[in-house]
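Here is the naming used below: chain letters follow the sequence lines, and residue numbers restart at 1 for every chain. The figures that follow rest on heavy atoms only: side chains count, while hydrogens, waters and symmetry mates do not.
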Protein chains: 2
Amino acid sequence: MHAYEKIRAEMLHRITRQIWPAGSNLPHEEQLAAEFGVARGTIRRAMADLVQQGLVERRRKAGTRVTARSAHSSTLTIPIVRNEIIASGAQYGYKLLAAEKGGSALDMTGDFKDAPLLHICCLHLSDGRPYQFEDRLINLDAVPDAADHDFNGMSPNEWLVEKVPYSAVRTILRAEAADSAQARYLKIRKGSPVFVIERQTRLDILPVTLVKMSHPSDLFSITTQTSLFD
Amino acid sequence: MHAYEKIRAEMLHRITRQIWPAGSNLPHEEQLAAEFGVARGTIRRAMADLVQQGLVERRRKAGTRVTARSAHSSTLTIPIVRNEIIASGAQYGYKLLAAEKGGSALDMTGDFKDAPLLHICCLHLSDGRPYQFEDRLINLDAVPDAADHDFNGMSPNEWLVEKVPYSAVRTILRAEAADSAQARYLKIRKGSPVFVIERQTRLDILPVTLVKMSHPSDLFSITTQTSLFD
DNA sequence: ATATCTATTATGTATAGACATATCGATCAT
DNA sequence: ATGATCGATATGTCTATACATAATAGATAT
């Protein structure tokens, strides 16, 4: 175990056990360096992790303060659906439903209004059961290759993630009552709950793709775990 | 703008524009330091941010490789419900529904089985409309003060976040069909979709609290934005 | 061919020192 | 009182150097 890890663990202990209570200032770097018998850089290395975890806030001259927690943050990972299904031990299935040029009602914000578009609908299955209904717009200005690509063999999800760069992502999570399309494709009753992930990616200001992924509520959930100690 | 920020921006550019394509190795630190005319430490400072964003992976001897993206990661922040409602410009309301000692059906995993428990139900309102139904177990071994606290004035959510330390959190997001309790309190029809957040916190191995927060699907969604460039 | 050792190599940790910069507080002028 | 000025101070950036360590690739032995 490295020096900075020991120091980080000790500082973590002092914070979680409120030896350094929320809102209080901790000793400054020179003092901590003296206490732990290391160089200032090593204290900074340990502190960097605490800042990243959001446990302390630092400001020049003001010093380092234990954050008064007002929210729970965690990192959310949304894997490629095929990997997710395979990881669960189930058989993955895929079916292209439609691929046509032109827009769709998906583009609520109008970000894709003036662009040449490809509209794709497909279904991902887990052991033969519909798992995700994917409804997607692709901006052909950003991804010209998509126009000629055959999405029968590989889902647009996977193809895009591998092939197309992006610099910004907006993700929305919500619950919805299934409309008739979702009900038909997911083989559930209309009005029953679906878990929806909507994601839009951009490359700088250029919109790349917008996707709405709907899941039957009994098959899908998202779990995140965070532990302050590693 | 600092040197490491310029270097990070340039490296970001090379990655998103696939000058350094996914899966390839980048030049090693000494070479980059020479190219940009800085010390190795400055390259490492810039690189640290790219590692944190998950854009590159580094291994000793093997070097630094552009990550082949197979998932979308983003940071999810769940604020205290009162702050969330106030931030939206609405009036916040709160009502305690029940607070009694003893367990409940909430504890599916049995983590709280042998502990003395407090079971609290309450409702958070936005402009008078039910916004969140909170159903919570508190382990009195971890939070003895909770036994004597009056939760009529302040929600357990807020009280716990301020007062009680934790070292690990598990969060589950899912959609559900409203059961009769959710329907009654949220004033929606039974079977209509609710967005559920379930969270369990621990201090080391000691379970602290388990909460299930249910929202009417038309009032609630979670949005995350990530931009590679700051 | 297979396994084991060994040298090499790129990243990781740690140190020490110099200087930059935001900002808090006190002092001073209006 | 109010506002401007300025010194003190804690964090932030950067350099240069030394050594540690994991992992690979190649040499060697079985």
Taking all non-hydrogen atoms of both residues into account, name the closest pair between B:Trp20 and B:Val66 and its distance.
-> O-CG2, 3.6 Å
Are any of B:Thr42's side-chain N or O atoms less than 4.0 Å away from OP1 or OP2 of D:dT13?
-> no
Cationic N near anionic O, under 4.0 Å, B:Arg69 to A:Glu162 = no
Could you check how far CE of B:Met1 sits from P of D:dG12, rounded to whole Å?
-> 18 Å
So, are A:Glu10 and A:Arg14 salt-bridged, with charged N and O less than 4.0 Å apart?
-> yes
List, one per line, each side-chain donor-acceptor pair under 3.5 Å for residues 73-81 of chain A, sequence neighbours excluded.
residue, atom, partner, partner atom, Å
A:Ser73, OG, B:Thr77, OG1, 3.3
A:Ser74, OG, A:Thr224, OG1, 3.4
A:Thr77, OG1, B:Ser73, OG, 3.3

Check the side chains of B:His28 and B:Gln31 for a donor-acceptor pair under 3.5 angstrom, ignoring hydrogens and angles.
-> yes
Kindly give the heavy-atom pair with the smallest separation between A:Asp141 and A:Pro144, and that separation in Å.
-> O-CD, 4.0 Å
Donor-acceptor contacts, no H, no angles, side chain residues 82-90 of chain B, under 3.5 Å, sequence neighbours left out:
residue, atom, partner, partner atom, Å
B:Arg82, NE, B:Glu158, OE1, 3.2
B:Arg82, NE, B:Glu158, OE2, 2.8
B:Arg82, NH2, B:Glu158, OE2, 2.7
B:Glu84, OE2, B:Tyr131, OH, 3.3
B:Ser88, OG, B:Ile85, O, 2.7

Would A:Asp107 and A:Lys113 pass as an ion pair if we require N to O under 4.0 Å?
-> no
B:Arg8 atom CZ is separated from D:dT13 atom C1', nearest whole Å, by 13 Å
In whole Å, what is the span from the CD atom of B:Glu57 to the P atom of D:dA22?
-> 19 Å
Would you please confirm or rule out a distance under 4.0 Å between OP1 or OP2 of C:dA14 and any side-chain N or O of A:Arg45?
-> no
Where do N or O atoms of nucleotides 23-25 of chain D meet protein N or O atoms at under 3.5 Å, pair by pair?
residue, atom, partner, partner atom, Å
D:dT24, OP1, B:Arg59, NH2, 2.8

Just how far, in rounded Å, is C1' of C:dT23 from CZ of A:Arg65?
-> 13 Å
What is the distance, rounded to the nearest whole Å, between atom NE2 of A:His2 and atom P of C:dT11?
-> 16 Å
Close residues, residues 21-32 of chain B, relative to DNA chain D [heavy-atom separation under 4.0 Å] = none
Distances under 3.5 Å between protein N/O atoms and the N/O atoms of nucleotides 16-19 of chain D, please, pair by pair.
none

Which whole-number value in Å describes the distance from B:Ile7 CD1 to D:dT13 C1'?
-> 12 Å
Going by an N to O cut-off under 4.0 Å, is there a salt bridge joining B:Glu29 and B:Arg40?
-> yes
How many Å lie between CZ on B:Arg58 and C1' on C:dT9, as a whole number?
-> 14 Å
For the pair made of CZ in A:Arg44 and C1' in C:dG17, what is the distance, rounded to whole Å?
-> 14 Å
For B:Ile138 and B:Ala146, the nearest pair of non-hydrogen atoms, with its separation, is CG2-CB, 4.0 Å
By side chain to side chain contact (heavy atoms under 4.5 Å, CB included), which residues pair with A:Arg129, not counting sequence neighbours?
-> A:Pro216, A:Asp218, A:Leu219
